[in-house]
Amino acid sequence: MESQTLSEKEKLMNDSNTKHFFCTQDAIKYGIDRALLLQHIKYWIDFNKDKESHFHKNKIWFYQRAREMSEYLPFMSEKKIFRLLKKME
């Protein structure tokens with residue numbers, strides 16, 4: 001039987017002990033939901049900072065749909081994430 005390796009994303013999704021965190025000051029300023037989402041965005045920007053393909057016009061970029069974000073934040077629906085992102089514009 002050939003074993004399959006799980007991607008980092010799949011490992012995260014299957015780990016019931018996954019912890020999420022946020023900056024307290026962001027939660028005070030924006031609320032807990034937006035602070036969690038902001039931390040998710042900060043994580044991916046930091047993760048991509050050394051990847052040339054994610055660096056454009058002197059800024060670090062990443063792209064995730066609300067649906068993809070809801071896979072990392074399973075306690076938030078796609079619709080909720082979409083609404084939060086609109087509020088954060």
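Because the structure is a prediction, the values reported are computed rather than measured.
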Checklist entry - With a 4.5 Å heavy-atom cut-off, do Phe22 and Leu38 have their side chains touching? => result no
Checklist entry - Roughly how far, to the nearest 0.5 Å, is CZ of Arg34 from CD1 of Ile41? => result 11.5 Å
Item to check | Those residues that, when tested against Phe75, pass ring-ring contact (aromatic ring centres under 6.0 Å, His included) (two or more places apart) | outcome: His20
Checklist entry - How far apart are the closest heavy atoms of Cys23 and Ala35, and which atoms are they? => result O-CB, 4.3 Å
Checklist entry - What's the spacing between Glu71 CD and Glu78 CD if we round to 0.5 Å? => result 9.5 Å
Checklist entry - For the residue pair Tyr72 and Trp44, does the interplanar ring angle fall in the parallel (under 30°), tilted (30 to 60°) or perpendicular (over 60°) class? => result perpendicular
Could you list the donor-acceptor pairs under 3.5 angstrom formed between side-chain atoms of residues 81-89 and any protein atom two or more places apart in sequence or on another chain?
none

Checklist entry - Considering residues at least two apart in sequence or located in another chain, which fulfil the side-chain hydrogen bond (donor to acceptor under 3.5 Å, both in side chains) criterion with Lys42? => result Asp26
Item to check | Test item: Leu36 and Met76 side chains (from C-beta on) under 4.5 Å apart, heavy atoms | outcome: yes
Checklist entry - Going from CD1 on Ile32 to CG on Leu37, what distance comes out if it is rounded to the nearest 0.5 angstrom? => result 13.5 Å
Checklist entry - So, the side chain of Ser70 versus the backbone of Leu73: is there a donor-acceptor pair under 3.5 Å, distance only? => result no
